[in-house]
Amino acid sequence: MPAQHDKVVRTVCSPNCSGTCGVNAFVKNDRITKLEPASFPVPGFERICLKGIAMAMERLHHPDRLKYPLRRVGERGEDMWERITWEEAYADIAAKLQAAAAKHGPQTNAWLNMTGNYGFKAITSATRTANCLHGTALTNAGLMSDFAGFVEVMSSMGMPYCNEIGDIVNAKYIMLVGRNVADTAHSEMHFIFDAMEAGAKLVVVDPRFSRTAAKADEWLSPRPGTDAALTLGMIHEIVHAGLMDEDYLAAHTDCPFLVREDGRLLDMAEIAEGAEPGRVVLDAESGEPIAAMGASARLRGELKVTLLDGSVAKCRTTFEVMLEEWEQYTPEVASEICGVPAEQIRQTAHEYANTQPAWIWLGEGPQRYYDGQLAYRGWITLAALCGNIGKPYSGVNVIDGAHLMLLMNQPDEWAMPGGNAGTPLPGVKMLDAIADGDPYPIRSLWLAGYNFSTQSPYFKRFVEDALPKLDLFVVNEQVMTQTARYADYVLPVTSYFEDDMDLVGGGETWFVQLRRRAVEPIGESRNDYEIFAGLCEEMGAGEHWRMTPDEICEFALKNNKHPGIAAIDWPELREKGVVQVNIPRPRVPFGDKIFPTPSGRLELYHEAFVGSGEGVMTHKEPIESRRQPKAKIYPFTFITYKHVHSAHSTHLNLPLINQVLPEPRVEINPIDAASRGIATGDAVRVFNDRGSFTSTATVTEATPSGVLSMPQGWSHERFADGHPSDLGHIKPNAVQEAVIGEANYPVWDVLAQIELAGGN
Ligand SMILES: Nc1nc2c(c(=O)[nH]1)N[C@H]1C(S)=C(S)[C@@H](COP(=O)(O)OP(=O)(O)OC[C@H]3O[C@@H](n4cnc5c(=O)[nH]c(N)nc54)[C@H](O)[C@@H]3O)O[C@H]1N2
Ligand SMILES: Nc1nc2c(c(=O)[nH]1)N[C@H]1C(S)=C(S)[C@@H](COP(=O)(O)OP(=O)(O)OC[C@H]3O[C@@H](n4cnc5c(=O)[nH]c(N)nc54)[C@H](O)[C@@H]3O)O[C@H]1N2
Ligand code: SF4
Ligand SMILES: [Mo]
């Protein structure tokens, strides 16, 4: 009998679903015939899903796969192409890049890498090219709409350190806040079930009755964009029921710091001759002002201090200022804002404060509104008041794992080959730079792993206002997306099953895996690194791009600035295909209660935000909420969430996926549907003042009244007209820009109206 397969390759399924499943690919005649979960050094991490199987079986050899470099022959967007050789592509493109750079300076040529491929080499290649050629390196965090919360995490805790996911079985109270684990980290859901079996209570906070909420003991459904108010209600209860951990607050947070009436923190150098600059607290014993560093401090108190310049400053502890601001947010007031019943707010506050260990896991949902940093701040403040940050199996978990560590700590020589650096520019500023020359003109744009047309707002504006200003638009893609259709050159890229070799770090885990080639590249496709290496050769910078894939992996590990990653033994990883990063276990983020913030403490008071009215944690209404005047015309908040059956736009057109998720459907509550005569299956038009789209309706109680929801990522041709991304906007938030230089795309701070399509 002939062998069923020629070889079995241990590799990694790695779209941006964060799952990073190790898989054994069974290969026969250069085709994957079967995919199975590969083994892991730690039990519980063997996994696979329908997306991964559909990718191997259906997308890999799909007739739509791009096989050759293409040059546009018609108008942009006409989808008329001629096949060219790689040599022709490089010669043409390099000449255009050089001409643009000669005219406007090298930063006029911009590169942007998004997340289509989770491999280390793949996801860093475009930025590396921008640096190598002194171009603009567009950053992607704001464009991903994941950045508002990060602003707060960095401002308060200093780093997004998290527990290890497998340790969740030791938690007794688990709050999943806008973290739809059953869809977006479904391979980790079993750890939560294990915790529940061991007696943990699962609480889900999500406006929608998500698949995760369906598994919870308790579901809190805030009005979209109002987590800050919800947490303020809980905080009020915790303060008044005496549930705060005041010793913790005095010792490990900035709550004892003295602050003036104008919101500025008092500094030792202002009150004592020759003193080291630093925060001031009231000595626990004497009540005298002393340097905060190492002091035993009072949490409450006020003081009139004479400064060295002779003026008098009236000061209080930041804690007093916070308590005063929070006093207005009784559970009833919070309930009126966020819609969660006051009794549920009270009960959740007591349970959270009284159950240990209590693990909060924040998803992207709460921070996808204009002031999203406040939502994260509310949950971090709540945890801090209960002394829950820095204890085992507790804390506020955001995202942290080997993938992020590989990227954040990559070797300088990798990111900036030969010491060459480009100009970083927030991706959310890309359109202004192209269309209006602000802050400087961008004349060429090269996208890798980014389906701009489905994943960001304003694709319409890009096509209408920006594209005509571009001398060159290049896209590296696997299939002819709507984004690629508008390019001048489309360069065929391999999938991760054809790619030669790459490192894949776990999204929520601390494994690093080796991704190996399972089948030969389709047609003449190349991986992003090879594509950019060829370009750099053509542009005279080839010397930085001549490492073999093997050498790249070894180099990237050995020189990574994270000690655990640098310690990985390359021969061992080559042999086993997976290793666990050696970090102290159990991982207790901030276990020493020393925080990587300027004061070394957990910082709940934000002096830098005082001008924006956010010195103290507060609530702000989303700019397009149902309480804004615009809601009279467009009364629904429009949420485009992630679906279990696709990583963003990648899997949605595959037949296996379409058997279970056939088409884009807008979900609407029965009350809202009834008042508009909408039934499941009806064609509906969703619109606002920026755009509209037409698709099918699903009437469901899972979507609360006043909300429209739908899975994101569907391509344009799946809609009768328009596209959901046309309804979005990018209005930059000043606090985010001030703190981190990049504003977040508030993807769900969007109002819309819905009606039966065709007016019938
Ligand atoms: N299957 C699959 N998995 C994925 C991905 C994928 O595309 N597909 N993408 C990966 C990536 S890149 C990311 S960033 C993660 C994101 O993972 P998640 O953050 O879990 O995913 P989202 O769907 O963005 O948002 C989560 C939930 O937030 C809820 N939500 C909306 N508004 C609010 C609010 O105001 N407050 C609260 N508390 N909740 C709200 C939404 O209803 C939604 O259920 O998922 C990763 N995993
Ligand atoms: N409305 C809405 N928008 C969102 C979100 C949302 O929840 N709602 N979520 C946001 C988030 S969290 C994220 S992370 C982004 C994700 O946004 P993207 O990263 O753009 O999304 P993907 O669909 O995963 O991948 C983009 C493209 O990469 C291509 N690709 C795959 N492998 C490779 C490769 O090796 N090289 C190259 N060059 N291309 C490859 C795929 O064919 C795909 O077309 O979307 C953001 N946008
Ligand atoms: S798509 Fe994601 S969850 Fe599914 S097999 Fe691949 S890596 Fe795993
Ligand atoms: Mo993301």
Side-chain angles (χ1 to χ4, degrees), residues 14-19 49 51 59 113-119 122-123 125-126 140-141 143-146 176-187 204-213 220-228 230 338 361-369 372 375 379 399 447-457 475-479 481 483-484 491-496 498-499 502 507-508 525 527-528 531 622 637-652 703 707 709-713 715 724-725 727-728 745 747-750:
S14 35
N16 181 15
C17 67
S18 76
C49 86
K51 300 187 284 296
R59 186 155 150 131
N113 226 133
M114 205 40 133
T115 67
N117 185 327
Y118 222 55
I123 213 165
S125 287
N140 61 18
L143 270 180
M144 275 182 218
S145 188
D146 290 357
L176 303 179
V177 180
R179 186 61 162 115
N180 185 9
V181 177
D183 278 351
T184 60
H186 51 89
S187 319
V204 168
V205 184
D206 193 314
R208 298 185 309 117
F209 189 65
S210 64
R211 293 196 332 142
T212 313
L220 280 66
S221 172
R223 184 166 64 90
T226 64
D227 282 54
L230 168 61
C338 73
W361 190 355
L362 298 184
E364 308 300 350
Q367 53 97 41
R368 289 197 152 144
Y369 301 84
W379 293 105
I399 189 158
L447 303 180
Y450 183 27
N451 197 348
F452 188 175
S453 68
T454 57
Q455 299 312 116
S456 288
V475 174
N476 298 354
E477 252 304 350
Q478 288 169 353
V479 291
T481 60
T483 315
L491 304 179
V493 78
T494 49
S495 76
Y496 41 79
E498 306 142 52
D499 190 356
D502 209 342
E508 281 97 23
S525 61
N527 66 49
D528 291 296
I531 293 176
T637 296
F638 179 45
I639 293 174
T640 45
Y641 62 96
K642 292 169 179 55
H643 198 281
V644 69
H645 290 316
S646 183
H648 307 284
S649 68
T650 306
H651 301 86
L652 287 166
T703 299
V707 174
S709 57
M710 82 185 298
Q712 55 111 3
S715 55
S725 68
L727 276 66
Y745 146 43
V747 59
W748 297 338
D749 205 336
V750 167

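FYI, side chains are in, hydrogens and waters are out, and symmetry mates aren't considered; it's all heavy atoms of this structure. Order of listing sets the numbers, starting from 1, for every ligand and every atom in it.
In terms of modelled atom types and a separation under 3.5 Å, the side chain of E477 and the main chain of L491 share no donor-acceptor contact.
Some N or O of D183 is nearer than 3.5 Å to an N or O of ligand 1, by distance alone. Residue contacts with ligand 1: D227 is placed with a nitrogen or oxygen under 3.5 Å of a nitrogen or oxygen of the ligand (distance criterion only). Residue S456 places no N or O, backbone or side chain, under 3.5 Å from any N or O of ligand 2. For ligand 1, the polar-atom distance check finds an N/O of Y369 within less than 3.5 Å of one of the ligand's N/O atoms. Between R223 and ligand 1, not a single N/O pair is under 3.5 Å apart. Remark: ligand 1 and W748 share no N or O pair separated by less than 3.5 Å (distance only, no angle test). On a distance-only criterion, N476 and ligand 2 share at least one N/O pair closer than 3.5 Å. Residue Y641 has no nitrogen or oxygen atom sitting less than 3.5 Å from a nitrogen or oxygen atom of ligand 1, judged on distance alone. The shortest N or O to N or O distance between G225 and ligand 1 is below 3.5 Å.
Residue contacts with ligand 2, taken as heavy atom pairs separated by less than 4.0 Å, involve T115 via backbone and side-chain atoms alike. Contacts between T640 and ligand 2, counted as non-hydrogen atom pairs separated by less than 4.0 Å, involve both the backbone and the side chain. Contacts between Q455 and ligand 2 below 4.0 angstrom, taking non-hydrogen atoms only, involve backbone and side chain alike. Contacts between D146 and ligand 2, counted as non-hydrogen atom pairs separated by less than 4.0 Å, involve the side chain only. Neither the backbone nor the side chain of A122 comes within contact range of ligand 2; no heavy atom lies under 4.0 Å. Here D528 has side-chain heavy atoms under 4.0 Å from ligand 2, and that is the only part of it that gets that close. When non-hydrogen atoms are compared, ligand 2 lies under 4.0 Å from the side chain of R368 (C-beta onward) but not from its backbone. When heavy-atom distances to ligand 2 are checked against a 4.0 Å cut-off, H643 has no atom that comes that close, whether in backbone or side chain. At a heavy-atom cutoff of 4.0 Å, ligand 2 is contacted by the side chain of T481 but not by its backbone. Using a 4.0 Å cut-off between heavy atoms, H645 makes no contact with ligand 1 at all. The parts of T650 lying near ligand 2 are both backbone and side chain, judged by heavy-atom distances below 4.0 Å.
Atom 9 (N) of ligand 2 has as its closest protein heavy atom K642 NZ, 3.0 Å.
Residues K642 and N180 approach most closely at O-ND2, 4.4 Å, considering heavy atoms. Scanning both residues, A375 and D227, for their nearest heavy atoms gives CB-CB, 3.8 Å.
Using a non-hydrogen distance threshold of 4.0 Å, R59 registers as a contact of ligand 2.
Comparing heavy-atom distances from atom 42 (O) of ligand 1 across D206, L230, T703 singles out D206 as nearest. Closest heavy-atom approach to atom 6 (C) of ligand 1 among the candidates C338, A185, S646: S646. Here atom 33 (C) of ligand 1 lies nearest to P207 when heavy atoms of P224, G178, P207 are compared.
Side chains of N451 and T483: a donor on one and an acceptor on the other come within 3.5 Å. Side-chain contact, N16 with T115: a donor N or O sits under 3.5 Å from an acceptor N or O.
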Let me see the working for Y450 and S456 under side chain to side chain donor-acceptor pair (under 3.5 Å), right down to the final yes or no.
-> CA-CA 10 Å; Y450 183 27; S456 288; 2.6 Å; yes

Which is it for E508 and S18 under the side chain to side chain donor-acceptor pair (under 3.5 Å) test, yes or no, and what are the steps along the way?
-> CA-CA 7 Å; E508 281 97 23; S18 76; 3.2 Å; yes

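Taking a cut-off of under 4.0 Å to the non-hydrogen atoms of E477, the atoms of ligand 2 that pass are 27 (C), 28 (O), 29 (C), 41 (C), 42 (O), 43 (C), 44 (O). Numbered from 1 in the order shown, with element, the atoms of ligand 2 that lie under 4.0 Å from a heavy atom of Q478 read 31 (C), 32 (N), 33 (C), 42 (O). Taking a cut-off of under 4.0 Å to the non-hydrogen atoms of T494, the atoms of ligand 2 that pass are 35 (O).
The only option from M144, Q455, H648 that meets the side-chain contact (heavy atoms from CB on, under 4.5 Å) definition with M114 turns out to be M144.
Within the 4.5 Å cutoff, the side chain of T212 has no heavy atoms near those of the R179 side chain.
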